[in-house]
Structures are given as structure tokens and as C-alpha cells.
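Single-structure report; data block below.
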Amino acid sequence: MDFDQITTEDLFRIGGSKWSRMGDALGAFIAEMDFGLAEPIKARLHESIDLGQSGYLTPRWTQDLQTSTTDFLSGRYGWSVSPDQVHAIPDVLAGMVITMNRHISPDARVIVPTPAYMPFMTLPGAYGHELVQVPMIRAEGEWLVDFDALDAAFGEGDLLVLCNPHNPIGKVYTADELATISEIVERHHGRVFNDEIHAPLTLNGARHIPYPTVSDAAASHSITALSASKAWNLAGYKCAQLVITDGTTLQPTDLHEPATPGVLANIAAYSDGEPWLAEVITYLEGNQRLIQEMLPTVLPGVEFIPNQGTYLAWLDCTALDLPTSPAKFFLDRANVAVTDGALCGEGGRGSVRLNFATPRPVLSEILERMGASAQEQLA
Ligand SMILES: Cc1ncc(COP(=O)(O)O)c(C=O)c1O
């Protein structure tokens with residue numbers, strides 16, 4: 001499909017969250033893509049409607065989800081998991097709640113490297129856990145983990161929330177980084193909620209390495225959450241997978257069932273969705289190059305470390321010295337809706353998260369508008 005041909009009129013008419021929650025602003029905030037659905041997923045969903053497969057989830061579909069997930073994980077990442085370690089849940093955040101409720105003690109703290117995906121800032125407190133932020137290090141052209149700070153932050157039995165690829169900064173962790181993290185966690189008898197929802201979306205040759213594969217310790221102290229929902233844009237279908245490698249299993253009280261169409265869509269994505277995904281990744285790489293090319297002229301001074309993964313660009317706008325938070329500024333003055341970095345914890349203030357999974361002409365207009373508003377402010 002030629003994604004360039006999709007217009008803002010189309011997107012407003014379709015009316016997804018990104019194109020309806022903020023009035024007529026151009027949508028570049030919530031993590032949804034504007035590229036429609038992969039044909040095999042569409043076909044499977046149409047078939048399920050034609051057949052009336054609209055009831056409760058069946059054991060057969062659950063098993064198909066488990067095996068399509070394990071086949072995908074071994075084919076794409078060389079990660080060998082047994083189907084009975086894969087549990088179907090409605091969404092990744094439900095997996096985080098299950099992990100906090102069942103796999104750590106009530107007084108364990110939750111350690112989050114920041115800038116972080118916004119709910120990681122709020123969910124620990126909502127479930128009675130103290131939040132500890134460990135800012136990432138912004139180095140020349142790359143983000144690094146502050147291992148000393150992570151080690152110092154860890155208390156006995158605490159939970160680390162690892163997000164790889166890391167929303168919102170677009171980092172893909174290396175094997176060495178993951179191994180060092182696992183040593184630190186192990187030293188403190190800690191645990192890891194390992195969010196790999198963006199794993200299929202690696203860009204520019206970056207390679208995703210599942211955390212549980214880096215060592216036996218990493219597997220035994222982590223719970224991994226996955227879904228086809230980001231890479232194939234299926235968030236509304238409500239299906240994710242929890243891969244439990246720590247020797248425990250879900251309890252009946254944890255059983256939040258995913259939606260049947262979501263399970264069917266995830267199976268189709270994992271089994272037959274990779275050609276479409278490859279097209280999307282190539283397109284996203286082109287969009288990212290456009291950001292790199294346009295930024296120096298439209299938004300001089302704004303800093304951007306190119307993404308290794310995800311379709312969320314992290315733009316440090318502090319040099320613009322804007323009169324309000326940057327997201328408010330761009331919404332008020334450019335009618336562009338981006339996510340404010342302040343919502344992402346320490347180190348986020350002054351930055352914005354921009355979703356570039358949009359047709360290239362739309363991305364170009366978003367950047368032009370942001371640039372024009374910043375120029376007006378300077379004038
Ligand atoms: C890193 C990360 N984790 C979790 C989620 C939420 O996923 P879900 O809708 O499956 O809870 C998102 C959504 O953007 C995300 O980016």
C-alpha cells in the first residue's frame with residue numbers, strides 16, 4: 001500500500017484516538033499508527049465475523065495464540081519459549097498490574113528508568129508501590145543506562161520496569177546492557193517487568209534481544225509482556241501475551257480474558273503479518289530520515305537522537321526556550337498534538353514525544369507547523 005496517499009481528511013474521517021481526542025489538531029501523540037491493517041489480519045477478522053466467531057475465547061484459539069507467539073519469538077529473535085509459558089491477557093498494562101500484585105511484595109518499590117512511558121509514572125503509586133526514577137544518560141548520539149544509579153536505587157526485592165525498545169526515547173538495549181542490568185537485579189534479589197511491546201519495531205538495523213535470553217538469571221527474575229498491538233496497530237482489539245519465565249504461572253484470580261477478535265488478530269499478525277511489517281518498518285525509517293533532514297531548518301536547536309526502535313521520536317526542545325510547556329505551545333500555536341515530556345518523568349520536561357507513524361506528507365506538515373510556530377515566537 002502507498003501510505004503517502006493517506007490524507008488528513010481520511011484520518012479525521014476514520015476518527016481514531018490520535019485524530020479525534022484533540023479536536024482538529026494534527027495527531028502525533030498517542031501510540032497508534034495511521035497505516036490501516038495488514039491484509040492477513042483484515043481477512044481473518046472478516047472471516048471471524050462471517051462465521052460468527054464472536055463468543056468467549058476457546059481453548060483452541062488460546063493454544064493457537066500460544067504457538068503462534070512462540071513460533072514468532074523463535075523465528076524473529078531466536079527466543080525459545082514453551083507455549084504453556086505464554087498467557088493471554090487483554091493488554092500489556094494488565095500484565096504490569098498482575099506483576100505488581102502477585103510477583104513482588106506489597107512494600108517493594110518500582111524502579112523506572114526515565115524518561116518513561118507515561119503510565120509507568122502513575123501505575124506503581126496507584127497499586128501502593130513507591131516509584132523510584134532512575135534517569136537515563138543522554139550521551140552524544142545515544143542513550144545510556146546509568147548502571148551506578150540503578151544499582152544504588154535498587155533495594156532488596158524491588159521491581160524494575162524495563163521497556164525495550166524504550167518508549168519514549170527509542171533506544172534498543174544491547175546484549176551487554178541487558179546482561180549488566182540482569183546482574184544488578186539479581187544482586188538485589190529483584191524482579192523485572194519486561195515490556196517488549198515495541199519489539200518488532202526495530203529500525204535502521206538495530207536488533208532486538210529479548211531480556212530473558214541474556215542469562216538464566218534474567219529469565220528467572222522476569223515476566224515479559226508482548227503484543228502485536230503496536231507493530232500491527234491492534235490496541236483496540238485487546239489482546240497481549242505475558243511470557244512467564246520465572247517458574248510461576250497465572251492464578252485464577254489473575255484471569256482477565258482477552259477479546260476473541262484480538263486473539264484471532266494477534267495470531268494472524270504473528271503468523272502472516274511480517275511482510276506488511278517489513279513495509280511499515282521501511283516507511284518508518286524514511287519518516288525518521290525526514291525528521292533528521294527537516295529539524296535543522298524548521299526547528300533549529302531541537303535535539304533528536306535517531307530511533308533504534310518504536311515510531312516515537314523524542315525531541316528535546318529546551319533550546320527553544322518556549323513560554324509554556326512545549327506540548328501546550330505546539331497545540332496552542334501550531335495545532336499539533338504531541339505528548340509532553342514532563343509526563344514521562346525526570347528528564348522529560350522541555351521535551352516532546354512525537355509519533356511519526358503517519359503518512360510522510362502529514363509528518364512534513366506537522367514539522368512545518370511546529371517550526372513556523374517556534375519561528376513566530378522567536379520573531
Ligand atoms: C511501552 C508501552 N507499554 C504498554 C503500552 C500499553 O499497551 P496496552 O494497551 O497493551 O496496555 C504502550 C502503549 O503505547 C507502550 O508504548
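Counting starts at 1 for both ligands and their atoms, following the listed order.
- Between E32 and K230 there is no salt bridge, since none of the side-chain N atoms of the basic residue sits less than 4.0 Å from a carboxylate O of the acidic one.
- A cation-pi arrangement is present between K171 and Y173, with the terminal nitrogen or guanidinium carbon under 6.0 Å from the aromatic centre and inside a 45° cone about the axis.
- Close contacts of ligand 1 with N167, meaning ligand atoms under 4.0 Å from a residue heavy atom, involve 1 (C), 15 (C), 16 (O).
- Side chains of N164 and D195 form no contact here, defined as non-hydrogen atoms less than 4.5 Å apart.
- Put simply, the side chain of L178 reaches to within 4.5 Å of the side chain of L162, judged on heavy atoms.
- Residue, atom and distance of the protein heavy atom nearest to atom 9 (O) of ligand 1 are D91 CB, 3.9 Å.
- Below 4.0 Å from some heavy atom of C163 lie the following atoms of ligand 1, by number and element: 1 (C).
- Of the N or O atoms in I197, none lie within a sub-3.5 Å distance of an N or O in ligand 1.
- For atom 3 (N) of ligand 1, the closest non-hydrogen atom of the protein is D195 OD2, 2.5 Å.
- Of all protein heavy atoms, the one closest to atom 6 (C) of ligand 1 is Y117 OH, 3.2 Å.
- Among protein heavy atoms, the minimum distance from atom 11 (O) of ligand 1 is reached at L93 N, 3.0 Å.
- Cation-pi check for R187 over F154 is not met; the charged atom does not lie both under 6.0 angstrom from the ring centroid and within 45 degrees of its normal.
- Donor-acceptor pairing under 3.5 Å is recorded for the side chains of Y270 and Q241.
- Annotation: V92 places an N or O atom under 3.5 Å from an N or O atom of ligand 1; distance criterion only.
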Q.
Does T248 form a side-chain contact (heavy atoms from CB on, under 4.5 Å) with H103? I'd like the steps, not just the answer.
A. CA-CA 9 Å; T248 65; H103 294 266; 2.8 Å; yes
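- The ligand atoms of ligand 1 that sit less than 4.0 angstrom from a heavy atom of A31 are 14 (O).
- A salt bridge is defined here as a Lys NZ or Arg NE, NH1 or NH2 lying under 4.0 Å from an Asp or Glu carboxylate O, and R369 with E365 meets this definition.
- The N/O atoms of H198, backbone and side chain alike, include one that comes under 3.5 Å of an N/O atom in ligand 1.
- Near K230, the atoms of ligand 1 lying under 4.0 angstrom from a non-hydrogen atom of the residue are 12 (C), 13 (C), 14 (O).
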